[in-house]
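See below for the structure under consideration.
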Amino acid sequence: MRIPSWLSAVTLAAAVSACEPFPEDPGSVPTEVQWPGEAFYPEGIAAAKDGTLYAGSLGTGAIARVKKGALGAEVFVPGRPAFGVYGLQVDEAHDTLWACTYDDLLLPAQASYLTAYALSTGAQKASHAMPGQVSFCNDVTVDAAGNVYVTDSFGNAVFRLALGGTALETWSADAAYEPSEPGLITLNGIAYDGASRLYVVKSDTGALFAIDIQPDGSASAPVTIPVTPALDTPDGVEWVDSGRLLVVENTAGRASLVTLGEGAGAKEVLANGFVEPTAAALTEDGAWVLESQMGFLFGTPGTPTLPFRAYRIAVPPLLP
């Protein structure tokens, strides 16, 4: 998530035209899903193995669910006033939907939380405060062992909740994570490669970091991966497959594929024209890019185009 100073001037029509069906049969799977209400403002999205999609709301604090093949969503976790839901991650092995949540009523120090909901019922299971008085739990991922990692965009660090643990601990902190200017959003999207590495993007500079998970569970020093063309306000990140990341570029309104190799990355734009996209989720049918339109929530003049949506785009197959 990036709190914007201006709203991208692209149009919804451009977003629709950018989203190609996947697979080739356009009638096999919907090319969009819709989120409920006039104030939903989705920010995080996650997918279960069966294709069910979950999105969290900045405007209502709810989490909504769209089952595979459906167009409209149903409320999965009811909202509440002055409550926001950011990054999401499905952990089916532990019947958990992890969410970064934020309670605007906590003053003067506004804390954020890593919150666990039962994937089977939507009931809250646990809530873990982010370390520090001022924090911003932005995005979340889970490794194969069930350890949970979250980015803190104000604390400029990656925190870890060990499987069975009760408190978040600093996992990766580095001078490279500090903001380029005071007050800017830093670490944002985070993705696990399925083996032993995390990838994290930094919104204010466009940097992409690789952080190895050491055999003892600790973090290696972050390695900066130069990307060409450069990433522009990267937000959500998803691991696609061998050496490929899907990166959502917020103010640029793009979803791009980054192919890694020889210590660098090559970027290919897959779709553009989205109005402030924040995240994406991968299913067997393609990538679902979430359009937040959050600028209107934070004071940009005008009104969002309703209903709020996620659009399905094609991801090119991995070449041999």
Side-chain angles (χ1 to χ4, degrees), residues 1-15 34-45 55-64 73 79-88 99-113 130 133-139 151-156 179-189 201-206 231-236 248-255 272-280 289-311:
M1 181 266 184
R2 176 183 181 272
I3 299 176
S5 58
W6 57 279
L7 183 65
S8 174
V10 297
T11 65
L12 182 64
Q34 300 177 357
W35 309 105
E38 299 179 356
F40 194 78
Y41 293 100
E43 202 285 330
I45 188 170
S57 168
L58 296 184
T60 69
I63 298 175
R80 64 180 196 253
F83 187 77
V85 181
Y86 295 83
L88 296 176
C100 281
T101 62
Y102 192 92
D103 191 335
D104 287 322
L105 298 180
L106 292 174
L107 299 173
Q110 297 182 334
S112 58
Y113 298 85
M130 294 285 284
Q133 287 189 326
V134 179
S135 62
F136 185 170
C137 181
N138 201 326
D139 202 8
T151 53
D152 187 336
S153 300
F154 290 164
N156 314 314
S180 56
E181 296 179 20
L184 294 182
I185 297 295
T186 58
L187 300 186
N188 201 326
V201 291
K202 189 169 180 274
S203 287
D204 61 332
T205 63
L231 294 170
D232 185 351
T233 58
D235 201 321
V248 174
E249 299 176 87
N250 186 291
T251 55
R254 294 190 295 249
N272 55 35
F274 301 105
V275 181
E276 294 184 299
T278 49
V289 179
L290 193 64
E291 187 177 61
S292 73
Q293 304 185 75
M294 69 175 67
F296 299 115
L297 179 63
F298 293 119
T300 299
T303 57
T305 300
L306 299 176
F308 293 99
R309 296 175 171 91
Y311 294 97

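Keep in mind it's a predicted model, so treat the numbers as computed, not measured.
Looking at every heavy atom in both residues, Thr186 comes nearest to Asp204 through CA-OD1, 4.0 Å. Across every non-hydrogen atom of Ala310 and Leu290, the tightest pair is CB-CD1, 4.0 Å. What you find for Thr151 and Met130 is that their closest heavy atoms are O-CE, 4.1 Å. Across all their heavy atoms, Gly253 and Pro277 have their closest contact at CA-CD, 3.6 Å. Residues Val85 and Gly56 come closest through the heavy atom pair CG1-CA, 3.7 Å. The minimum heavy-atom distance linking Trp35 with Arg309 is given by the pair NE1-C, 3.6 Å.
With sequence neighbours left out, Thr60 forms a side-chain contact (heavy atoms from CB on, under 4.5 Å) with Ala39, Phe40, Ser57, Ala62.
Leu184 CG to Asn156 CG: the interatomic distance, rounded to the nearest 0.5 Å, is 10.0 Å. If you take OH on Tyr113 and OG on Ser135, they are separated by 8.0 Å, rounding to the nearest 0.5 Å. Distance check: Leu231 CG to Lys202 NZ gives 13.0 Å after rounding to the nearest 0.5 Å. Rounding to the nearest 0.5 Å places CZ of Phe83 at 4.0 Å from OG1 of Thr101. Here the CD1-OG1 distance, from Ile185 to Thr205, works out to 12.5 Å after rounding to the nearest 0.5 Å. Summarising the geometry, atom CG belonging to Asp235 is positioned 5.0 Å from atom CG belonging to Asn250; distances are rounded to the nearest 0.5 Å.
Aromatic ring centres of Phe136 and Tyr86: separated by under 6.0 Å.
Looking only at distances, a side-chain donor or acceptor of Glu249 sits under 3.5 Å from a matching main-chain atom of Asp232. Side chain of Gln293 to backbone of Val275: no donor-acceptor contact under 3.5 angstrom is found.
Side-chain contact annotation: Thr278 with Ser292, donor-acceptor N/O pair under 3.5 Å absent.
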Would you sort out whether Asp103 and Arg80 count as a side-chain contact (heavy atoms from CB on, under 4.5 Å), showing the intermediate values? CA-CA 10 Å; Asp103 191 335; Arg80 64 180 196 253; 4.3 Å; yes
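Considering Ser203, Ser153, Ser112 as possible partners of Asn138, the one that fulfils the side chain to side chain contact (heavy atoms under 4.5 Å, CB included) test is Ser153.
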